Amino acid sequence: MQHVVRKDTTIAEAASLSSQTTGTHGTPGGGIDAAGLMLVGVELPAACTAADITLQASSDGTTFKNVFNADGTEFKITAPPAGSMIPLAGILDTMGMRFIKVRSGTSGAPVAQAAARTVSLLFREQRG
């Protein structure tokens, strides 16, 4: 049986991109470590500033890149309501995305949050 793993990340006040204080092996800024896990959902806080949700990903925890769909468009969850749970199963294959950051808005139009917001990423173990 696979368990859901919840990992929280914070988008700071007046920022649009989440940050982590601890990355790989305790080094600064590595994003959420998703090793051996597949992203299956995003949970937004009730007080979230309205915006599309996009992601950045990295294989090394240092160099982050915007996440795009196979058709070349930026992966985007279109302006979900604050306080919602968004399932991602079947929408985005996160295999190979070791570290993940969450963005409020898009790469071309980031949206700053009015206060610090904790966003939860939900993962399940990848089957080998």
Side-chain angles (χ1 to χ4, degrees):
M1 175 180 211
Q2 294 180 329
H3 299 299
V4 172
V5 177
R6 176 184 169 146
K7 295 191 176 196
D8 295 333
T9 189
T10 301
I11 300 175
E13 179 178 357
S16 61
L17 190 63
S18 69
S19 62
Q20 286 302 108
T21 54
T22 305
T24 312
H25 307 295
T27 59
I32 293 271
D33 188 345
L37 301 171
M38 179 172 280
L39 182 63
V40 295
V42 177
E43 186 175 357
L44 299 176
C48 204
T49 304
D52 294 336
I53 300 295
T54 57
L55 304 174
Q56 284 194 333
S58 171
S59 60
D60 62 9
T62 302
T63 305
F64 283 82
K65 297 179 181 182
N66 298 318
V67 174
F68 285 81
N69 296 306
D71 67 4
T73 59
E74 186 171 22
F75 170 77
K76 173 176 76 171
I77 302 168
T78 303
S84 60
M85 170 82 70
I86 305 103
L88 297 180
I91 298 173
L92 176 68
D93 183 358
T94 56
M95 227 172 205
M97 296 182 196
R98 171 78 190 265
F99 302 95
I100 298 173
K101 290 184 178 185
V102 177
R103 180 189 295 112
S104 172
T106 63
S107 59
V111 175
Q113 290 293 309
R117 309 292 189 208
T118 299
V119 177
S120 299
L121 300 182
L122 305 172
F123 296 90
R124 69 173 166 80
E125 294 176 351
Q126 295 181 21
R127 292 192 171 151

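Since this is a predicted model, take the numbers as computed values, not measurements.
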Review point. Between T118 and P45, which heavy-atom pair has the shortest distance, and what is it?
Key: O-CD, 3.3 Å
**Study point:** Closest non-hydrogen atom pair between S16 and A112, with its separation
**Key:** CB-N, 4.3 Å
Check your understanding: So, does D33 use its side chain to make a donor-acceptor pair with the main chain of A35 at under 3.5 Å?
Key -> yes
Review point. Stepwise, does the side chain to side chain donor-acceptor pair (under 3.5 Å) test hold for S107 with E74?
Key: CA-CA 8 Å; S107 59; E74 186 171 22; 3.2 Å; yes
**Study point:** L17: partners by side chain to side chain contact (heavy atoms under 4.5 Å, CB included), with sequence neighbours left out
**Key:** Q56, K101, R103
Review point. Is there a path of hydrophobic side-chain contacts, each under 4.5 Å between heavy atoms of I, L, V, M, F, W or Y residues, that connects L37 with V67?
Key: yes
**Study point:** A34 to M97 - nearest heavy-atom pair and separation
**Key:** CB-O, 3.8 Å
Revision key, fill the gap. Sorted by chain and number, sequence neighbours left out, side-chain hydrogen bond (donor to acceptor under 3.5 Å, both in side chains) with S84 holds for none
Check your understanding: Which atoms form the tightest heavy-atom contact between L55 and I100, and what is the distance?
Key -> CD2-CG2, 4.1 Å
**Study point:** Any M38 side-chain heavy atom under 4.5 Å of F123 side chain
**Key:** no
Check your understanding: Can L122 and V42 be said to form a side chain to side chain contact (heavy atoms under 4.5 Å, CB included), step by step?
Key -> CA-CA 6 Å; L122 305 172; V42 177; over 6 Å; no
Check your understanding: Do any pairs count as a salt bridge (charged side-chain N to carboxylate O under 4.0 Å, His left out) and have a residue in residues 40-56, sequence neighbours left out, and if so which ones?
Key -> R6-E43, D52-K76
Review point. According to the salt bridge (charged side-chain N to carboxylate O under 4.0 Å, His left out) rule, which pairs have a member within residues 112-121, sequence neighbours left out?
Key: none
Point to revise | Close side-chain approach of S104 and I11, heavy atoms under 4.5 Å | key: yes
Review point. Any donor-acceptor pair under 3.5 Å linking the side chain of Q113 with the backbone of T49?
Key: yes
Point to revise | Shortest non-hydrogen separation from D8 to I32 and the atoms involved | key: O-CD1, 3.3 Å
Practice item. Report yes if some heavy atom in the side chain of I53 is under 4.5 Å from a heavy atom in the side chain of P80; otherwise report no. Key: yes
Exercise for review: Identify whether the distance between the nearest side-chain nitrogen and carboxylate oxygen of D60 and R98 falls below 4.0 Å.
Suggested key: no
Revision key, fill the gap. Sequence neighbours excluded, the answer for side-chain hydrogen bond (donor to acceptor under 3.5 Å, both in side chains) partners of T63 is none
Point to revise | Under 3.5 Å donor-acceptor, K65 side chain and S58 backbone | key: no
Review point. At their closest point, which heavy atom of A116 faces which heavy atom of T10, and how far apart are they?
Key: CB-CG2, 4.2 Å
Exercise for review: Applying side chain to side chain contact (heavy atoms under 4.5 Å, CB included), run through F75 and F68 and close with a yes or a no.
Suggested key: CA-CA 5 Å; F75 170 77; F68 285 81; over 6 Å; no
Practice item. Would you check if T54 and N66 make a side-chain contact, meaning some heavy-atom pair closer than 4.5 Å? Key: no
Practice item. For A70, check side chain to side chain contact (heavy atoms under 4.5 Å, CB included) against everything at least two apart and list the hits. Key: none
